[in-house]
2 protein chains.
Amino acid sequence: MLTKTENLRSDAGLASALRVSLARLNRRLRKQGAHHSLTPTQLATLAAVESHTEMTPGELAEHEKVQPPSMTRVIAKLEERGLLARKPHPTDRRQVTVRLTEAGTALLKEERRMKEAWLARQLKELTPEERAALRVAAPILARLSQM
Amino acid sequence: MLTKTENLRSDAGLASALRVSLARLNRRLRKQGAHHSLTPTQLATLAAVESHTEMTPGELAEHEKVQPPSMTRVIAKLEERGLLARKPHPTDRRQVTVRLTEAGTALLKEERRMKEAWLARQLKELTPEERAALRVAAPILARLSQM
DNA sequence: TATTGTTATACTCTATAACTATA
DNA sequence: TATAGTTATAGAGTATAACAATA
């Protein structure tokens with residue numbers, strides 16, 4: 001590694017160093033997912049439905065920053081593959097609600113398992129001191145990601 | 001943050017915590033770029049040309065994991081926007097070389113500036129101790145991203 | 001009349017196959 | 001004959017506009 005360590009003293013330098021590493025790590029993590037041939041939007045949609053338990057197509061379009069017609073097609077594809085199911089809305093017959101199927105839940109679980117297994121393998125290559133430093137940093141990165 | 005801190009003791013727990021934060025941070029960072037309306041491939045292509053100074057379309061296609069015809073179109077688009085320039089290869093007249101223009105260099109610089117400025121603003125919200133922990137972690141994340 | 005979701009249609013991005021120029 | 005790049009064409013994904021059903 002030839003990063004300019006002295007720059008880390010400034011916030012700008014720290015931001016710069018973090019940005020590069022975050023981008024690179026993420027690029028590599030994204031390649032470690034299971035080979036289910038889902039697009040990023042499809043995967044993100046499944047994850048959104050999972051975390052909200054039940055959502056309408058309109059809510060999903062808003063959440064994923066796509067237009068409603070696009071979400072209609074994403075949902076159709078995911079339903080076709082048995083990863084989520086549509087049900088009539090309990091009170092408003094114009095609306096529809098969407099939930100994960102067991103297969104959808106399992107796919108998300110497997111996706112995460114693969115990525116975390118890869119990352120855990122990489123962590124094994126570090127020294128115990130380095131891992132300790134990351135254990136300290138992890139909750140801070142978590143906070144940073146939610147600000 | 002309600003992450004299960006106790007799990008951080010295991011490598012799997014650390015991997016899990018890092019994966020979530022990395023994905024979230026990256027998603028937010030990607031939105032902070034300049035509004036130049038370039039696709040991810042176009043942006044990555046510019047960055048690749050920058051870091052190699054000069055590349056052929058074939059090398060770029062290989063590097064960005066796209067097929068040569070796709071790279072032809074990416075290059076055409078970028079050239080049309082004045083971000084890179086094609087020149088005949090010095091020895092092999094079948095080949096072409098591609099270099100960044102000043103506008104291309106400037107665009108990449110601005111793109112990074114925006115993202116790093118956003119990240120630096122977030123870092124300012126942390127305590128000095130938290131920033132210190134990230135300064136320790138940054139070179140380790142850099143190493144991790146390159147393994 | 002307003003809102004939710006869908007269908008119809010067009011545009012962008014990338015792929016495969018076929019073609020041109022050069023080695 | 002092989003290779004680098006391009007052009008022709010098709011497939012996937014998302015957008016806007018128009019439409020149907022319900023509130």
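All figures in this text were calculated on a predicted structure; none of them were measured in a lab. A note on names: the letters A, B, ... follow the listed sequences, proteins ahead of strands, and every chain is numbered from 1.
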Inset, instruction - Can you sort out the partners of A:Arg86 under side-chain contact (heavy atoms from CB on, under 4.5 Å), two or more places apart, ordered by chain and number? - result: A:Ile75, A:Glu79, A:Val96, A:Val98
Inset, instruction - Considering only heavy atoms of chain A and a distance under 4.0 Å, specify the first and last nucleotide of DNA chain D in 5' to 3' order that meet this criterion. - result: D:dG13 to D:dA23
Legend entry - For A:Thr127, all residues meeting side-chain contact (heavy atoms from CB on, under 4.5 Å), sequence neighbours excluded: A:Glu129, A:Glu130
Inset, instruction - Write out all pairs satisfying salt bridge (charged side-chain N to carboxylate O under 4.0 Å, His left out) with one or both partners inside residues 44-53 of chain A, taking only residues at least two apart or from two chains. - result: A:Glu50-A:Arg112
Inset, instruction - Give the other cluster members for A:Val20, using side-chain heavy-atom distances under 4.5 Å between Ile, Leu, Val, Met, Phe, Trp and Tyr residues; answer none if it is isolated. - result: none
Inset, instruction - Say whether B:Leu22 and B:Trp118 are linked into one hydrophobic cluster, either directly or through other cluster members, by side-chain heavy-atom distances under 4.5 angstrom. - result: yes
Legend entry - With sequence neighbours excluded, residues passing side-chain contact (heavy atoms from CB on, under 4.5 Å) with A:Arg135: A:Arg131, B:Asp11, B:Leu14
Inset, instruction - Just jot down the side-chain contact (heavy atoms from CB on, under 4.5 Å) partners of A:Lys109, sequence neighbours excluded, or say none. - result: none
Legend entry - Base-contact (B) and sugar-phosphate-only (S) positions in nucleotides 1-11 of chain C, heavy-atom cut-off under 4.0 Å, - elsewhere: --BSSBB----
Give the table of side-chain donor-acceptor pairs shorter than 3.5 Å for residues 54-61 of chain A, with sequence neighbours excluded, one pair per line with atom names and distance.
residue : atom : partner : partner atom : Å
A:Glu54 : OE1  : A:Arg99 : NH1          : 3.1
A:Thr56 : OG1  : A:Glu59 : N            : 3.1
A:Glu59 : OE1  : A:Thr56 : N            : 3.0

Legend entry - Pairs touching residues 117-127 of chain A that satisfy salt bridge (charged side-chain N to carboxylate O under 4.0 Å, His left out), sequence neighbours left out: none
Inset, instruction - Mind listing the residues from residues 39-48 of chain B sitting with a heavy atom below 4.0 Å of DNA chain C? Number order is fine. - result: B:Thr39, B:Thr41
Legend entry - Pairs satisfying ring pair (Phe, Tyr, Trp, His ring centres under 6.0 Å), at least one member in residues 53-104 of chain B, at least two apart: B:His52-B:His63
